[in-house]
Amino acid sequence: MAKQITIAGNPIRKYKIVYGANPEAAVELQKYLARTTGVTLPLVHECQKNEFEIRVGKTNRINPRLVYDGIDNHGFVIKVAGGNLTIRGNDALGDMYGVYEFLDRFVGWRFVHKDTDYLKDGDVDLPEGLRYKFSPPYEYRQLDWVCTQDDTWRRKNGENHLDFHWFGFVHTLSDLSELNNQFTGQPCLSDPAVLETVKKNVRKWLDNNPHAKIISVSQNDNQTYCKCEKCQATDAEEGSPAGTLLRFVNAVADDIKDDYPDVSIETLAYQYTRKAPLITKPRDNVIIRLCSIECCFSHPLSDPDCEVNKAFQHDIIEWGKICNRLYIWDYVTNFPHYIPPFPNFRVLLENMRFFAENHVIGMYPEGNYQSETGEFGELRAYLLGRAMWNSYMTEEEYFAYMDDFLEGYYGKNAAPYIRKFIDFTLKESEGRHFNIWQKPFDIIPREVYEANFDKIEGWWNEAERVGNRARVQKSRLQWTYIKLMLNPDEKTARRFFHTVNALGIRWNEWHTLFRDDEEPDFTKQPIEWPHR
Ligand SMILES: [Zn+2]
Ligand SMILES: [Zn+2]
């Protein structure tokens with residue numbers, strides 16, 4: 001049903017969309033307003049004067065001397081003045097984000113999934129004097145879920161990593177040092193020969209990738225760092241192996257600084273390098289990507305009563321003191337158990353805010369980047385996108401986005417039942433700590449599932465009956481998984497196994513998909529299937 005929109009009391013059908021430098025954002029707005037109201041507004045160049053205007057992007061209507069002060073990270077202004085509506089960023093990207101924010105915040109569009117835009121009910125009145133100025137807190141914003149792999153969806157939800165031209169995303173020292181020790185060790189970072197090889201290869205990589213703006217010089221994915229006398233002495237002096245690493249990375253950064261002035265080097269503060277060094281500070285062209293891998297995701301990272309997270313608080317504060325380009329590698333799914341429930345919805349917004357408040361300017365929350373999800377990956381990705389974009393929204397707004405997603409993605413009638421299941425997992429996991437490797441019954445005990453079995457089964461049955469059946473069934477796999485944990489049953493297990501396979505869902509980060517003909521032992525719990 002078409003919505004009514006008024007601008008300063010005038011019906012929107014009287015308006016023309018005016019563009020100047022950036023027709024692309026204007027065209028996108030025209031398209032969505034037509035889908036909203038049923039009326040396609042004329043799109044006119046700035047050389048034409050009109051009585052009622054929606055001005056998108058840079059046009060000659062705006063005093064060119066008027067600077068949009070304090071707008072960063074492709075933010076924008078949305079305003080109604082003199083009966084006209086203006087959506088304007090500081091550049092073309094800001095214009096586009098401004099259009100999407102306008103559609104979300106003021107018109108009621110929710111870009112819940114790459115295949116689904118959802119329009120909430122209710123007419124829209126944009127009063128004279130309306131003014132909304134916004135800058136996202138992070139300069140770099142990247143989600144990593146298979147379900148978000150769509151460039152248009154990414155723009156709609158504020159992602160921008162494609163503009164960063166990152167080369168060598170992570171764990172590059174094995175290749176850069178030519179030691180091929182990705183899983184077996186780390187190069188000796190006190191060895192001048194290693195430094196020379198890495199410098200040489202960084203230059204080579206940059207020459208071969210002239211668009212690269214960030215190059216990763218980061219430790220391999222193992223904890224076997226060099227314990228030679230020199231490295232140990234530096235580690236001790238710096239109070240952390242991060243000191244040895246950072247001296248090395250700084251030397252590479254100094255080497256490229258003049259020849260590649262637009263390039264920054266990214267390195268990890270990860271596991272044994274998580275603790276900030278006492279002496280060495282990162283160079284201006286070095287980005288530190290601090291990793292929250294050990295943390296508890298039942299409780300917010302800011303929680304002083306969660307011991308694991310308290311240690312992380314200390315580290316982020318120390319890094320914040322010495323680093324002006326702090327990024328985060330966050331972890332937002334259960335990597336050895338992709339399918340069963342992982343109720344981290346309580347912390348997604350709070351953690352985003354916590355990072356922003358601690359001098360973080362880039363976010364990479366790592367999710368199930370390998371396959372479709374059999375739980376709430378789509379919801380989680382959407383909420384992460386929203387929280388990364390607008391980290392200072394209220395809890396209320398955040399949970400309203402959750403409900404909007406549920407309505408838009410599963411269907412209005414199914415949404416309340418799915419929400420009941422989510423609330424159940426949040427409530428029943430609340431008192432417990434859990435990390436990203438936690439077994440399902442450590443998060444919510446078997447007895448709790450057993451005591452609520454019929455109720456949960458009823459919610460999923462109802463949701464499936466009244467909602468988008470295929471989508472409900474796919475997310476319901478998390479519950480089937482739990483049911484098979486409670487009561488292994490060969491027949492159900494076999495059907496479940498083949499359904500998961502057919503949907504292209506992986507069991508965990510390390511085990512690839514089963515082939516259909518390599519059936520596991522179905523008398524065992526599904527948690528044991530991939531670990532043969
Ligand atoms: Zn060494
Ligand atoms: Zn905790």
Side-chain angles (χ1 to χ4, degrees), residues 173-174 176-182 184-199 217-220 222-252 267-268 271-274 277 279-280 291-316 330-335 337 341-355 365 425-445 448:
L173 269 172
S174 168
L176 286 169
S177 67
E178 300 177 12
L179 291 169
N180 297 320
N181 55 354
Q182 183 61 257
T184 52
Q186 308 281 348
C188 171
L189 301 178
S190 307
D191 181 345
V194 171
L195 179 60
E196 286 318 305
T197 308
V198 170
K199 280 184 192 168
V217 178
S218 58
Q219 68 204 56
N220 300 332
N222 68 69
Q223 309 228 38
T224 319
Y225 58 97
C226 182
K227 305 257 172 52
C228 78
E229 212 172 294
K230 274 187 179 167
C231 284
Q232 278 204 33
T234 313
D235 292 354
E237 204 184 329
E238 293 273 14
S240 165
T244 311
L245 172 70
L246 197 51
R247 289 183 191 190
F248 182 91
V249 170
N250 278 349
V252 181
T267 197
L268 296 179
Q271 298 181 328
Y272 64 88
T273 56
R274 201 185 86 179
I279 305 163
T280 305
C291 307
S292 64
I293 193 162
E294 301 86 355
C295 290
C296 165
F297 295 101
S298 175
H299 305 121
L301 291 168
S302 56
D303 188 344
D305 298 324
C306 179
E307 281 306 314
V308 200
N309 291 354
K310 217 165 117 183
F312 187 81
Q313 287 161 32
H314 172 82
D315 291 343
I316 199 171
D330 197 20
Y331 299 82
V332 292
T333 195
N334 190 334
F335 290 89
H337 313 291
F342 187 64
N344 64 345
F345 295 108
R346 204 169 20 236
V347 306
L348 301 182
L349 175 65
E350 268 198 77
N351 285 355
M352 282 294 176
R353 198 166 51 220
F354 170 79
F355 293 133
T425 61
L426 288 175
K427 179 169 164 277
E428 297 301 340
S429 63
E430 199 170 2
R432 255 164 254 110
H433 305 284
F434 59 78
N435 60 31
I436 57 160
W437 307 285
Q438 208 77 49
K439 290 184 177 159
F441 287 157
D442 296 344
I443 298 174
I444 295 171
V448 175

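Atoms within each ligand, like the ligands themselves, are counted from 1 in listed order. As a basis for the values below, the full set of heavy atoms in this structure was taken, side chains included, without hydrogen atoms, waters or symmetry mates.
Per residue His299, closest N, O or S atom to the Zn ion (ligand 2): atom name ND1. Residue-level check: among N/O/S atoms of His433, ND1 sits closest to the Zn ion (ligand 2).
Between His433 and His299, the angle of the ring planes goes over 60°, which puts this pair in the perpendicular group of the 30/60° scheme.
Here Cys296 contributes SG and Cys306 contributes SG, and at the Zn ion (ligand 2) these two atoms make an angle of 110°, given to 10°. Vertex the Zn ion (ligand 1); arms to Cys226 SG and Cys228 SG; angle rounded to 10 degrees, 110°.
Taking the charged nitrogens against the carboxylate oxygens, Glu430 and Lys427 have no contact shorter than 4.0 Å, which rules out a salt bridge.
Across every non-hydrogen atom of Asp235 and Cys226, the tightest pair is OD2-O, 4.5 Å.
When side chains are defined from C-beta on, Ser292 counts as touching Phe297, because their heavy atoms get closer than 4.5 Å.
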